[in-house]
J.: 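Input: one structure, supplied below.
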There are 2 protein chains.
Amino acid sequence: MAIRTASPGSKGPRPDTRTAVFQAAAAEFSARGFDGVGVDDIAERAKVNKAMIYYHFADKLALYRAVVGDMLATIGTTVTEIAAADLTPADKLNRFIEQFVRHADARPWFPTLMLREIAAGAPHLDLETLTLMKAVFLGFGKILADGAAAGTFRPVHPVLAYTSIVGPLLMNAARERMAAEPGRSQLPMFVAIPHQDLIAHLQLTAQRMLEPR
Amino acid sequence: MAIRTASPGSKGPRPDTRTAVFQAAAAEFSARGFDGVGVDDIAERAKVNKAMIYYHFADKLALYRAVVGDMLATIGTTVTEIAAADLTPADKLNRFIEQFVRHADARPWFPTLMLREIAAGAPHLDLETLTLMKAVFLGFGKILADGAAAGTFRPVHPVLAYTSIVGPLLMNAARERMAAEPGRSQLPMFVAIPHQDLIAHLQLTAQRMLEPR
DNA sequence: GTCTATAAATAGATAGAC
DNA sequence: GTCTATCTATTTATAGAC
């Protein structure tokens, strides 16, 4: 990835103001939610004048949708690739779980922002953004259907299977965030779980859930 | 439950203003989150003057904590009772799942409010409220430990087991809310799942997850 | 593209009459 | 206990100079 930095003290046009705003917005929205974040907060974090945000984005909602849409598009591409890969359904499922965790590790704002939007009932999302969300679900559903057709999976309603895997994934990310608040690490539900263990547990649970008997 | 209603047109002291505020706050906070709700919104829904809210509660945060605390205390009592009941661990686990769903059915604000607070990293909760949250987790952990001691469950980290069961539960509630928004019922991830099916699925998945091999 | 200044609306919270 | 009116701070958003 190319790194573009403005020369120190430069007064000319900053090449990546938009990117700085975008990244600051992702972090802020993830940390405090749509209503909890002010446009000033984003400007401050991005080290950008507030008016610049309105120069690059129509308004706060459009910026938010851009962040969530980009996030969903990225994970959607990953899932679609896995679903289309040349692997057994069981391997695809394991890969789905592993990639989801790795994806979240590389983009810490992702799970919390997604969980927040889900918890809120997705009131900020338009149909276009929801369609990106759908792509993730459909990719997962394809893995399931292939497995059922091959007889390696028992038939389970894709919605139930999806929530059974993604729900714990997101909830664990939220748990880690709660634990990060000061004075909480002693509480038993906030002990650290290595992501290797998380992945292994979810993979085993998912395989058992789908196992024909 | 006794029903107390002020006589129509009464100008005297309303007996249950506090309750009206409390219930309105639960509904509003659940629907739009701490930052998304204005004290005016709560006053309007409760059909109470805004100043009355500050007469009964110190401020917005104290009101919010009262709502969440009451919610956690109620579910905590239920879980503790199940853990102490005279049942096999497997039956206790099934009962935990069923009661959690039934509890949410009877109190529609519960799952969303809880998921919201979790997603936010519980920034609004003090240690006292978190302790109530802990009680729910500990009750669940006791069921697990009893099962492991009796050999009916394999040993699984209680945090992983807890998120694996409660995560899907909460995520499904959020899903139902997303589906409720207009123009969304056609999307495949928003199809309705009967709660009977949800319970059965989670019970089966949980038992398989914990099954020794 | 970038900045300052400010408009316009809304938020949380309180004073004080009844 | 209940109400009206209001204070103060903050918020989204824009106008307009450079």
J.: Which is true for A/Asp59 with a 4.0 Å heavy-atom rule: it touches a base, it touches only sugar-phosphate, or it touches nothing?
T.: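 The answer is sugar-phosphate, as A/Asp59 gets under 4.0 Å only of primed atoms, P, OP1 or OP2.
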J.: Tell me the interatomic distance from B/Glu28, atom CD, to C/dG12, atom P, rounded to whole angstroms.
T.: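 Distance check: B/Glu28 CD to C/dG12 P gives 12 Å.
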J.: Considering just the side-chain nitrogens and oxygens of A/Asn49, establish if one lies under 4.0 Å of OP1 or OP2 belonging to C/dG1.
T.: no
J.: Scan side-chain atoms only and decide if A/Asp105 and A/His195 contain a donor-acceptor pair under the 3.5 Å cut-off.
T.: yes
J.: Parallel, tilted or perpendicular for A/Phe110 and A/Phe100, by the 30°/60° rule?
T.: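 Ring orientation, 0 to 90° scale: tilted.
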J.: Can a cation-pi geometry be assigned to A/Arg177 and A/Phe190, taking NZ or CZ under 6.0 Å from the six-membered ring centre and within 45° of the ring axis?
T.: no
J.: Please tell me which of the listed nucleotides, C/dA13, D/dT2, C/dC3, lies nearest to the side chain of B/Lys60?
T.: C/dA13
J.: Once you round it to whole Å, what is the distance between P of C/dG12 and CD1 of B/Ile53?
T.: 10 Å
J.: Roughly how many Å is it from NZ in B/Lys50 to C1' in C/dT14, rounded to a whole number?
T.: 10 Å
J.: Measure the distance from CG on A/Asp40 to P on D/dT14 and round it to the nearest whole Å.
T.: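 After rounding, the reported distance stands at 14 Å.
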J.: Going by the angle between their ring planes, with limits at 30° and 60°, are A/His124 and A/Tyr64 parallel, tilted or perpendicular?
T.: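 Judged by the thresholds at 30° and 60°, the geometry between A/His124 and A/Tyr64 is perpendicular.
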J.: Does B/Tyr55 or A/Val39 map to a spot on DNA chain D nearer the 5' end, using the closest nucleotide for each?
T.: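 The residue closer to the strand's 5' end, by nearest nucleotide, is B/Tyr55.
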J.: Given D/dG1, C/dA11, C/dT14, which nucleotide is nearest the side-chain atoms of B/Tyr54?
T.: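 For B/Tyr54, the side-chain atoms sit closest to C/dT14.
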J.: Nearest whole Å is fine: how far is C/dT2 C1' from A/Lys47 NZ?
T.: 17 Å
J.: Nearest whole angstrom, please: distance from the P of D/dT14 to the CE of A/Met52.
T.: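 Taking atom P of D/dT14 as the reference, CE of A/Met52 is at 15 Å.
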J.: Give a yes/no answer on whether the side chain of A/Thr17 brings an N or O atom under 4.0 Å of OP1 or OP2 in C/dG1.
T.: no
J.: Would you kindly check if the NZ (Lys) or CZ (Arg) of B/Arg18 is within the cone defined by 45 degrees around the ring axis of B/Phe57 and under 6.0 Å from the six-membered ring centre?
T.: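 Output yes; distance and angle both within limits.
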J.: Rounded to the nearest Å, what distance is computed from the CG atom of residue B/Asp35 to the P atom of nucleotide D/dT11?
T.: 10 Å
J.: For A/Phe34 and A/Ala51, find the nucleotide of DNA chain D closest to each by heavy atoms; which residue's nucleotide sits nearer the 5' end?
T.: A/Phe34
J.: Measure from NE2 on A/His56 to C1' on C/dG1 and round the result to the nearest Å.
T.: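 About 7 Å, once rounded to whole Å.
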